[in-house]
Amino acid sequence: MKKTTSPYITVKNSAIHSQGVFAKKDIPDSTEIIEYVGEKITKRESDIRGEKVLSRSKNDVTRGAVYIFDLNGRHDIDGNVPWNTAGIINHTCDPNCEAVNIDGHIWICAMRDIEKGEELSYNYGYNFDNWQEHPCRCGADYCIGYILAEEHWPELLRELARRKKNKGV
Ligand SMILES: [Zn+2]
């Protein structure tokens, strides 16, 4: 399979994590930039792969179960395939893109106007399980410190505060 591409992007080395995807030109807000493609798998298969990825991800914590996306009630997309260029996009705590399901296809869409040269990123949307295994080093001013869906940030902050107190720091 040929690697997917889009007129909006170019792949380069990234300060966040190995390679990243960058804006080749100015991208207006809400643009469907590139489709997140992969293997369509059943939820059952997805659970099995998810478990494997988690137990394997100890040495590479910034890339855990990131590749599996919810497609619909029955199927997921496993984007861990060499032709899925969108799989290279990094996570940040201050993203300029989001993953959107449009008619059963996952698209990486601009959340705001993006300038030529900016690195594209989206929140990987991890749930609260195993949060400690996914530290974030995105460098954003408001980096929460872990790769986590924003809806879980209050939970994380409470947990971190609790731990700090218990340590007597
Ligand atoms: Zn971060």
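Closest heavy-atom contact between V21 and T85: CG2-O, 3.9 Å. Between W131 and L156, the shortest heavy-atom contact is CE3-CD1, 3.4 Å. Nearest heavy-atom pair, Q19 versus S14, reported as atom, atom and distance to 0.1 Å: C-CB, 3.7 Å. For the residue pair S121 and T92, the shortest heavy atom distance occurs at OG-OG1, 2.8 Å. Heavy-atom minimum distance, Y124 versus I89: OH-O, 2.7 Å. The two residues H134 and N130 have their closest heavy-atom pair at CD2-O, 3.3 Å.
Side-chain contact between E45 and I48 is present, with at least one heavy-atom pair separated by less than 4.5 Å. E159 has its side chain within reach of R162: a pair of non-hydrogen atoms, C-beta onward, lies under 4.5 Å apart. Two residues are said to be in side-chain contact when any heavy atoms from C-beta on lie closer than 4.5 Å; W107 and Y36 fail this criterion. A heavy-atom distance below 4.5 Å is found between the side chains of I114 and L120. T42 is listed as a side-chain neighbour of H75, based on a closest heavy-atom distance under 4.5 Å. V37 is not listed as a side-chain neighbour of I77, based on a closest heavy-atom distance of 4.5 Å or more. Side-chain atoms of E35 and T4, non-hydrogen and from C-beta on, never get closer than 4.5 Å to each other.
Counting only distance, with no hydrogens or angles, the side chain of D76 and the backbone of I41 share no donor-acceptor pair below 3.5 Å. In terms of modelled atom types and a separation under 3.5 Å, the side chain of N101 and the main chain of G104 share a donor-acceptor contact. Y67 places no side-chain N or O within 3.5 Å of a backbone atom of G38 that could act as its donor or acceptor partner.
To the nearest 0.5 Å, atom NE2 of residue H105 and atom CZ of residue F69 are 14.5 Å apart. Note that SG of C143 and CZ of R137 are 9.5 Å apart. Values are rounded to the nearest 0.5 Å. Note that CD1 of I144 and SG of C136 are 9.5 Å apart. Values are rounded to the nearest 0.5 Å.
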N/O donor-acceptor pairs under 3.5 Å from side chains in residues 22-34, not counting sequence neighbours:
from, atom 1, to, atom 2, distance (Å)
D26, OD1, K116, N, 2.8
D29, OD1, R112, N, 3.2
T31, OG1, P28, O, 2.6

Mind listing the side-chain donor-acceptor pairs of residues 145-153 below 3.5 Å, one per line with the distance, residues two or more places apart or on another chain?
from, atom 1, to, atom 2, distance (Å)
H152, ND1, E155, OE1, 3.1
W153, NE1, L148, O, 3.0

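Side-chain atoms of E119 and N90 include a donor-acceptor pair closer than 3.5 Å.
With sequence neighbours left out, T5 forms a side chain to side chain donor-acceptor pair (under 3.5 Å) with no residue at all. For D70, the side chain to side chain donor-acceptor pair (under 3.5 Å) partners at least two apart in sequence or on another chain are K43. With sequence neighbours left out, the side chain to side chain donor-acceptor pair (under 3.5 Å) criterion links S6 to no other residue. Applying the side chain to side chain donor-acceptor pair (under 3.5 Å) criterion to D78, with sequence neighbours excluded, gives R49.
Cluster membership check: V100 does not share its hydrophobic cluster with Y8, using side-chain heavy-atom separations under 4.5 Å among Ile, Leu, Val, Met, Phe, Trp and Tyr. Hydrophobic clustering (ILVMFWY, side-chain heavy atoms < 4.5 Å, transitive): V11 and I16 are in distinct clusters.
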Determine, stepwise, if the pair C97 / C109 fulfils side chain to side chain contact (heavy atoms under 4.5 Å, CB included).
CA-CA 5 Å; C97 295; C109 296; over 6 Å; no
